[in-house]
*Asks:* 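Please see the structure below; I have some questions.
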2 protein chains.
Amino acid sequence: MKLTIKEEDYLETIYRLSANLDSIRISDIARSRGVTMPTVISAISRLKESGMVNQSYYGKVYLTAAGKEAATEVYETHSILRLFFGEVLGLSMEASEENACKVEHGISREVIERLKKLIYFMRNCSSKAENCRFRNIDNVFPQSDGETGFNQ
Amino acid sequence: MKLTIKEEDYLETIYRLSANLDSIRISDIARSRGVTMPTVISAISRLKESGMVNQSYYGKVYLTAAGKEAATEVYETHSILRLFFGEVLGLSMEASEENACKVEHGISREVIERLKKLIYFMRNCSSKAENCRFRNIDNVFPQSDGETGFNQ
DNA sequence: TGACAATGTTAGAATACTCTAATATATTCT
DNA sequence: AGAATATATTAGAGTATTCTAACATTGTCA
């Protein structure tokens, strides 16, 4: 019953749309993902078969309990990654968002838990200057653009 | 001319095999990636069309200059991610390797450069105890297993 | 209410990736 | 060299993902 990357992407899109819309149409998903409606229809029909989504002929799209659970997991992963890229690495909002989208699939629970700790730790660092002095890693070395000198 | 994730995976596999083997066969790649030989043949034929690989009928596989360049880039990304997971997040070697494989595609150059800085910074932290006291993030909070209390 | 616009669906196609089964070529060993 | 083994290739199939074109249904507003 493992979902593909694309299936997870569609679930996440539906989940995110449901924050702003009370009912979700095929066209909303298509617009949001930048694909055509037939593409969405085909994705949704696969998700219906996996029991992740409900949708009747010409009807609205709903996540099932299983679909909501899967979507929530992907979304939480996405959110933590976005925070990490933004707060710890100091990337712009757009770059953080974009990288989070690329990376959010297949990363382990363990990584997410430790990223949470790292973000937490860094937030503490930033407020207690005697302990550690940085806000994000770009702030620590604003001048040296990449030359940290590793080979492995 | 953008490569797919799988194409990058095959290039990286060839690149890594070339460290230990002086000539690379279809069967080496198949074994290394856990796929069948016809699958490799089909991947290689696509890579030949993109000018990333050379291989003659029943012959050995070679990366072209472009192939080597692409493979090197993926491999460097992989290596930095592995270091980050191991040194900063404190994951096991196997978990670091596995997560690096999943994440290495599509992550931006900017992220890699800042991860380098972060690893560098952490290495410095570890040696200068007055500045910051950790070896890896799991070491800082060895007890609290995940409860850092965020909601976003 | 009927026409037009918006939305949804089906049909048919293409690409990427994988497999198994069958066949062809190379390599190795006696 | 000839047989046995290893390796490579082709053929054919299946799934996932996307598209365009054609058609169906729904919604809106004049």
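Here is how names work: the chains are called A, B, and so on, in the same order as the sequence lines, proteins then strands, and each is numbered from 1. Note that this is a predicted model, so its numbers are computed, not measured.
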*Asks:* So, taking the atom named OG in A/Ser50 and the one named NZ in A/Lys48, what distance separates them when rounded to the nearest 0.5 Å?
*Replies:*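 Nearest 0.5 Å value for the OG-NZ distance: 12.0 Å.
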*Asks:* Check nucleotides 13-17 of chain D for protein N or O atoms closer than 3.5 Å to its own N or O atoms and list the pairs.
*Replies:*
{"residue": "D/dT17", "atom": "OP1", "partner": "A/Thr4", "partner atom": "OG1", "Å": "2.6"}
{"residue": "D/dT17", "atom": "OP2", "partner": "A/Arg46", "partner atom": "NE", "Å": "2.7"}
{"residue": "D/dT17", "atom": "OP2", "partner": "A/Arg46", "partner atom": "NH2", "Å": "2.6"}
{"residue": "D/dT17", "atom": "O5'", "partner": "A/Arg46", "partner atom": "NH2", "Å": "3.4"}

*Asks:* Would you call B/Glu76-B/Arg109 a salt bridge at under 4.0 Å N-O?
*Replies:*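 Salt bridge between B/Glu76 and B/Arg109, a charged N being under 4.0 Å from a carboxylate O: yes.
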*Asks:* Run the side chain to side chain contact (heavy atoms under 4.5 Å, CB included) check on A/His105 and A/Asp9 step by step: do they pass?
*Replies:* CA-CA 9 Å; A/His105 306 283; A/Asp9 279 335; 2.6 Å; yes
*Asks:* Over its full length, what angle do the end axes of the helix from C/dT1-D/dA30 to C/dT30-D/dA1 make, each axis taken from five pairs and the result rounded to 10 degrees?
*Replies:*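 If I round to tens, the end axes sit 10° apart.
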*Asks:* In this structure, how many angstroms lie between the P atom of C/dC17 and the CD atom of B/Glu49, rounded?
*Replies:*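 Spelled out: CD on B/Glu49 to P on C/dC17 is 12 Å.
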*Asks:* Just wondering, do A/Arg33 and A/Val40 contact through their side chains at under 4.5 Å, heavy atoms?
*Replies:*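 A side-chain contact under 4.5 Å is absent here.
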*Asks:* Just wondering, are more than 12 heavy atoms of other shown residues or ligands nearer than 6.0 Å to CD in B/Glu98?
*Replies:*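 No.
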*Asks:* What pair of heavy atoms forms the shortest contact from A/Ile119 to A/Ile80, and how long is it?
*Replies:*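 Minimum heavy-atom contact is CD1-O, 3.8 Å.
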*Asks:* Summarise protein proximity over nucleotides 6-13 of chain C in one line of letters, 5' to 3': B for base, S for sugar-phosphate only, - for none, counting protein heavy atoms closer than 4.0 Å.
*Replies:* -SBBB---
*Asks:* Any salt bridge linking B/Lys117 with B/Glu113? Criterion: basic side-chain nitrogen under 4.0 Å from a carboxylate oxygen.
*Replies:*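 No, this pair does not count.
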*Asks:* Could you check how far CD of B/Glu8 sits from P of C/dA16, rounded to whole Å?
*Replies:*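 To the nearest whole Å, that distance equals 15 Å.
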*Asks:* Step by step, work out the side chain to side chain contact (heavy atoms under 4.5 Å, CB included) result for A/Ser32 and A/Leu17.
*Replies:* CA-CA 8 Å; A/Ser32 170; A/Leu17 284 171; 4.2 Å; yes
*Asks:* Whole angstrom is fine here: how far is it from NE2 in B/His105 over to C1' in C/dA16?
*Replies:*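 After rounding, the reported distance stands at 15 Å.
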*Asks:* So what does A/Val35 hit on the nucleic acid, given a heavy-atom distance under 4.0 Å: a base, only sugar-phosphate, or nothing?
*Replies:*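 A/Val35: backbone/sugar contact only, no base atoms under 4.0 Å.
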*Asks:* In the structure I gave you, are the side-chain heavy atoms of B/Tyr10 and B/Leu3 within less than 4.5 Å of one another anywhere?
*Replies:*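 Counting from C-beta outward, B/Tyr10 and B/Leu3 never come under 4.5 Å.
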*Asks:* Classify the side-chain pair B/Arg46/B/Ser42 by whether it contains a donor and acceptor separated by less than 3.5 Å.
*Replies:*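 Their side chains do contain a donor-acceptor pair, which is all the 3.5 Å distance test asks for.
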